[in-house]
Amino acid sequence: MAKRLWLMKSEPEAYSFDRLVKEGRTIWDGVRNYRARNNLQAMQVGDEAFFYHSVSDKEIVGIVRIVAAGLADPKDDTGTWAAVEIEPVRKLAHPVSLAAIKAEPSLAEVELLKLSRLSVAEIRPDEWKKICAMAGG
DNA sequence: GCCAACGTTGGC
DNA sequence: GCCAACGTTGGC
């Protein structure tokens with residue numbers, strides 16, 4: 001199974017990338033949107049994701065790796081919602097801002113832009129490479 | 001099953 | 001703080 005690439009959003013005031021680095025790993029739960037849940041359920045161990053700070057920062061700040069997939073949301077009794085466990089891979093040398101993504105024509109189709117309220121989005125490999133290049137490699 | 005009203009999220 | 005976009009709920 002080829003590795004897939006994702007983007008996970010969080011308000012830095014709620015859960016920041018720095019906090020993830022400090023804690024080492026975390027369960028990513030609390031997603032209450034079906035499309036986002038479908039993305040969560042499609043994740044495999046070893047997949048990587050951008051970590052995006054919404055609202056106050058509006059930039060991709062780091063990369064995380066999926067270390068456990070297909071978990072049930074521990075806060076959900078009904079079995080409806082999913083969760084994964086993630087660990088930090090690295091912080092980006094240069095965060096990639098929402099404005100920079102919008103300004104880049106090859107990134108116009110990124111799910112982040114098209115569905116701004118989706119908390120878990122998929123990133124295509126070419127988009128991933130482009131954003132990595134913008135972050136300084 | 002449709003659609004209007006409402007709530008939430010997130011960019012500006 | 002405002003508003004647009006989207007999802008959900010509830011009346012019919």
Side-chain angles (χ1 to χ4, degrees):
Chain A
M1 173 70 83
K3 186 168 77 174
R4 291 172 76 180
L5 302 163
W6 310 94
L7 181 142
M8 308 170 96
K9 297 206 291 193
S10 178
E11 296 188 26
E13 289 76 16
Y15 198 102
S16 68
F17 187 75
D18 286 342
R19 182 170 160 197
L20 175 62
V21 169
K22 199 174 301 176
E23 296 183 356
R25 53 176 59 190
T26 192
I27 299 283
W28 202 254
D29 60 13
V31 171
R32 291 294 181 268
N33 170 287
Y34 283 101
R35 183 160 181 170
R37 182 203 63 176
N38 291 344
N39 284 338
L40 273 184
Q41 289 178 332
M43 289 180 180
Q44 303 277 333
V45 171
D47 285 1
E48 292 185 330
F50 287 127
F51 197 97
Y52 174 81
H53 280 176
S54 65
V55 184
S56 50
D57 286 356
K58 284 172 288 183
E59 59 188 17
I60 296 170
V61 293
I63 294 174
V64 302
R65 180 187 297 115
I66 312 304
V67 293
L71 308 177
D73 187 330
K75 299 191 187 86
D76 169 40
D77 296 333
T78 67
T80 305
W81 303 106
V84 297
E85 189 171 18
I86 58 175
E87 68 179 11
V89 174
R90 64 189 169 90
K91 196 166 184 167
L92 297 184
H94 304 287
V96 178
S97 70
L98 182 65
I101 293 169
K102 281 189 168 176
E104 174 52 52
S106 65
L107 296 177
E109 298 297 315
V110 176
E111 258 190 348
L112 170 69
L113 298 184
K114 306 210 91 178
L115 290 168
S116 68
R117 294 184 51 196
L118 192 65
S119 56
V120 183
E122 184 162 12
I123 299 278
R124 297 202 309 257
D126 56 322
E127 295 167 345
W128 179 275
K129 278 184 207 153
K130 181 73 195 175
I131 293 170
C132 284
M134 292 163 74

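Reminder, nothing fancy here: chain letters follow the sequence lines and each chain counts from 1. Everything quoted here is computed from the prediction, not taken from an experiment.
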For the residue pair A:Phe51 and A:Tyr15, categorise the inter-ring angle as parallel (less than 30°), tilted (30 to 60°) or perpendicular (more than 60°). tilted
When you compare the side chains of A:Trp6 and A:Asn39, does any donor N or O come within less than 3.5 Å of an acceptor on the partner? no
Tell me yes or no: between the side chains of A:Thr26 and A:Glu85, is some donor less than 3.5 Å from an acceptor? no
Can you classify the ring geometry of A:Phe50 versus A:Trp128 as parallel (below 30°), tilted (30 to 60°) or perpendicular (above 60°)? parallel
When the distance from CH2 of A:Trp81 to P of C:dT8 is rounded to whole Å, what number comes out? 7 Å
When you check the phosphate oxygens OP1 and OP2 of B:dG11, does a side-chain N or O of A:Tyr52 lie under 4.0 Å from one of them? yes
Measure the spacing between NZ of A:Lys3 and CZ of A:Arg65 and express it to the nearest 0.5 Å. 7.5 Å
Quick one: A:Leu112 CG to B:dG11 P, roughly how many Å, whole number? 7 Å
What is the distance from CZ of A:Arg35 to C1' of B:dT9, rounded to the nearest Å? 16 Å
Starting from C1' on B:dG11, measure out to CG on A:Asp57 and report it in whole angstrom. 14 Å
A:His53 NE2 to B:dG11 P: how many Å, rounded? 13 Å
Selection from C:dC6, C:dG7, B:dC12 that lies nearest to any side-chain heavy atom of A:Lys58: B:dC12
The side chain of A:Tyr34 lies closest to which of these nucleotides: C:dA5, C:dG7, C:dT8? C:dT8
With a non-hydrogen cut-off below 4.0 angstrom, is A:Leu98 in contact with a base, only sugar-phosphate, or nothing? sugar-phosphate
OP1 or OP2 of B:dC12 less than 4.0 angstrom from a side-chain nitrogen or oxygen of A:Lys102, does that happen here? yes
Nearest-Å distance, CG (A:Leu118) to P (C:dT8)? 12 Å
Rounding to a whole Å, what distance do you find between A:Ile60:CD1 and B:dG11:P? 12 Å
Side chain of A:Arg117 only, please: which of C:dC6, C:dG7, B:dG10 is the nearest? C:dC6
Just the rounded figure in Å: distance from P of B:dT8 to NZ of A:Lys9. 17 Å
